[in-house]
2 protein chains.
Amino acid sequence: MPHLAYPTTTCEGFRCETHCAVRGLAICGELAPAEHEEFERLAQHVRYGPKEALFSEDEVADSVYSLVEGIARLYKLLPDGRRQIIGFALPGDFLGMAPGNRYSFSADSIGGVTVCKFFRGPFLRFIENRPQMLLRMNEFATRELSLAQDQMLLLGRRSAEEKVAAFLVGWRERLARLEGVTKTVSLPMGRQDIADFLGLTIETVSRTFTKLEREKLIVIVPDGVRVLDPKRFDALAAA
Amino acid sequence: MPHLAYPTTTCEGFRCETHCAVRGLAICGELAPAEHEEFERLAQHVRYGPKEALFSEDEVADSVYSLVEGIARLYKLLPDGRRQIIGFALPGDFLGMAPGNRYSFSADSIGGVTVCKFFRGPFLRFIENRPQMLLRMNEFATRELSLAQDQMLLLGRRSAEEKVAAFLVGWRERLARLEGVTKTVSLPMGRQDIADFLGLTIETVSRTFTKLEREKLIVIVPDGVRVLDPKRFDALAAA
DNA sequence: AAGCGAGCTTGACACAGATCAAGGTCATGC
DNA sequence: GCATGACCTTGATCTGTGTCAAGCTCGCTT
């Protein structure tokens, strides 16, 4: 378990407009200007450096987070240290809702991360009489659930090669929503993170990348891969 | 793929009160009497026999369902027939919300099943200006998501024995919420269903049951198991 | 610019769980 | 009451992925 320091910067009082390139994608994306102003007053904008904890499993869940910039790793641990990454959060993603009053997983930054942080109480009071917000929360939760179910299928029933291919395809699609389509898929997370996301070991992930490169499906580049044959690749990921 | 017939019975016009032993647990559990009456008018009560399809993946999602009685199997298939069961639905569970306009998984009855079926349009119109209902939907979605994440940890990082033990413990807890605590855990689903839920083969599930029995942790009985040593058992499931 | 360490790759070998094959149990229908 | 078929168990063997152990690459520090 790496040491995780405290957030390096807090910058309250900023207008969200100046920060949020991803307003439209975020939980607050459909608020009218006046309401957004009120919502904004509930937010703390917090900046984290690389590998800092946003929150940890079993902690009292006093806040929720809207990720503004950067990438976070969401994971659960078994008592003996085995780790399962349950997702990578991108800008626009909403984190920290839990069924009880404690977080059900941990989140930490991969590179630098900026979030809008809301205390649970004020946040819940704001949304509780705003059906628009509640509907949006429902959409977010439903989408998350559907992704989780796709991941169950992957973890339970796919081979190592299918897992890696499906991961790359899915990741490329998520990045495309934010940055547009690119030939090179950037992979800010390390091999161990990918392994813990796919239910594999780091060695198997590494070997599978090499294998896909030998088969001329991808080229491995620093911090990413270039997809050579998208068609054949999508086929491998689907079946 | 088994043949799945159409629902055998439709019994509109019943008062929900006469059907729903699980009102309090269901999505409609917090509606005031007057509102509940209105809600009830949107519902069709439908009865399914064993092994009938409630809905299938990729179908246009025209309805949502509140399970009243019985057990349903929720699953996704790969093109070559590999199956992952993503959950077993019990009375009180709410099914059929999808991120797009198509179901993201299939559902079919195991034994007999009774549901409250709602057409999507009227249902959404009913909830859209009722924050109480929306909050309840959020709670349901958040709980489902958390269960899905637990299952990811299980599928990605646990051994066969841990999977089976965790499944039995989790299943026992869910049944306890409905029927109270019992020594004997009934298992209405078959071994193949358990295998497809845990990402194992039927043979491995069968062997693992036998192993747990040899180790005097459980006794296998018709359609279920008796848990002999709950403490040692919970420990195995947790770690 | 040499040394260091984190992250990644590669190879040899081991093993948990898959696959293949057979046989058992039990409810159902004729 | 016997044949049938669905479901489950058990055994033998195979294999995909894990484990263990080296060695490589590259950026950072001094």
Side-chain angles (χ1 to χ4, degrees), chain A residues 1-4 50-51 73 78 80-85 110-111 154-168 186-215 218-225 236, chain B residues 1-4 49-51 73 78 80-85 110-111 154-167 186-215 218-225 236:
Chain A
M1 262 171 276
H3 172 257
L4 296 170
K51 299 187 192 187
R73 179 200 289 133
L78 288 171
D80 65 1
R82 280 174 288 174
R83 183 177 71 155
Q84 179 67 37
I85 292 190
I110 290 183
L154 178 147
L155 290 168
R157 288 299 182 223
R158 296 175 108 115
S159 70
E161 190 175 19
E162 290 168 343
K163 284 177 176 181
V164 170
F167 164 68
L168 290 174
S186 83
L187 297 172
M189 70 293 285
R191 293 288 188 270
Q192 185 63 60
D193 287 339
I194 297 175
D196 287 346
F197 184 54
L198 300 179
L200 299 170
T201 59
I202 187 173
E203 293 94 333
T204 298
V205 170
S206 184
R207 278 189 249 274
T208 307
F209 271 97
T210 306
K211 183 167 174 230
L212 292 174
E213 190 170 42
R214 269 203 314 271
E215 292 168 353
I218 61 171
V219 180
I220 300 169
V221 299
D223 300 313
V225 299
L236 183 59
Chain B
M1 260 169 277
H3 172 258
L4 296 169
K51 299 186 192 186
R73 179 200 289 133
L78 288 171
D80 64 3
R82 282 174 288 174
R83 183 177 72 156
Q84 179 67 37
I85 291 189
I110 290 183
L154 177 146
L155 290 168
R157 288 296 180 227
R158 296 177 109 114
S159 70
E161 189 173 19
E162 290 168 343
K163 284 177 176 182
V164 170
F167 165 67
S186 82
L187 297 172
M189 71 292 287
R191 294 287 188 270
Q192 185 63 61
D193 287 339
I194 297 174
D196 287 346
F197 184 54
L198 300 178
L200 299 170
T201 59
I202 187 174
E203 293 94 333
T204 297
V205 170
S206 184
R207 278 188 248 274
T208 306
F209 271 98
T210 306
K211 184 167 174 229
L212 292 173
E213 190 171 42
R214 269 202 315 269
E215 291 168 354
I218 61 171
V219 179
I220 300 169
V221 299
D223 300 312
V225 298
L236 184 59

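Numbered from 1 within each chain, the chains take letters A, B, ... in sequence-line order.
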Give the rounded distance in Å between these two atoms: [atom1] of [X] and [atom2] of [N].
X: A/Ile110; N: C/dG7; atom1: CD1; atom2: C1'; answer: 15 Å
X: B/Lys163; N: C/dA18; atom1: NZ; atom2: P; answer: 7 Å
X: A/Glu203; N: C/dG7; atom1: CD; atom2: C1'; answer: 12 Å
X: A/Arg82; N: C/dA16; atom1: CZ; atom2: C1'; answer: 13 Å
X: B/Phe209; N: D/dC8; atom1: CZ; atom2: P; answer: 10 Å
X: A/Arg191; N: D/dT25; atom1: CZ; atom2: C1'; answer: 13 Å
X: A/Leu187; N: C/dC8; atom1: CG; atom2: P; answer: 10 Å
X: B/Lys211; N: D/dT9; atom1: NZ; atom2: P; answer: 16 Å

Over all atoms of both residues, closest heavy-atom pair of [X] and [Y]:
X: B/Ser159; Y: A/Arg82; answer: N-NH1, 4.2 Å
X: B/Leu236; Y: B/Glu162; answer: O-CG, 3.9 Å
X: A/Leu155; Y: A/Gly199; answer: CD2-N, 3.8 Å
X: A/Arg73; Y: A/Arg83; answer: CD-NH1, 3.5 Å

(message) Which is more 5' along DNA chain C, the nucleotide nearest A/Val205 or the one nearest A/Arg157? Just name the residue.
(response) A/Val205
Which one, [options], comes nearest to the side chain of [X]?
X: A/Ser159; options: D/dT17, C/dT10, C/dG17; result: D/dT17
X: B/Lys51; options: D/dC7, C/dT10, C/dC8; result: D/dC7
X: A/Leu200; options: D/dC8, C/dG17, D/dT17; result: D/dT17
X: B/Arg207; options: D/dC8, C/dT19, D/dG18; result: C/dT19
X: B/Ile202; options: C/dT9, D/dC8, C/dA18; result: D/dC8

(message) If you assign each of B/Ile220 and A/Thr204 to its closest nucleotide in DNA chain D, which residue comes earlier from the 5' end?
(response) B/Ile220
(request) Take B/Gly190 and A/Gly199, find for each the nucleotide of DNA chain D with the closest heavy atom, and name the residue whose nucleotide sits nearer the 5' end. (result)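 Its nearest nucleotide lies further toward 5', so the answer is B/Gly190.
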(message) When you measure only distances, ignoring hydrogens and angles, does the side chain of B/Gln192 come within 3.5 Å of the base of D/dC8 through a donor and an acceptor?
(response) no
(request) Kindly say whether B/Leu200 contributes a backbone atom to a donor-acceptor pair with the side chain of A/Arg157 at under 3.5 angstrom? (result) yes
(message) With a 4.0 Å cutoff (strictly under), does any side-chain N or O of A/Ser206 reach OP1 or OP2 of C/dT10?
(response)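 Looking at the OP1 and OP2 atoms of C/dT10, neither is under 4.0 Å from any side-chain N or O of A/Ser206.
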(request) Would you indicate what B/Thr201 reaches in the nucleic acid, counting non-hydrogen atoms under 4.0 angstrom: base, sugar-phosphate, or nothing? (result) base
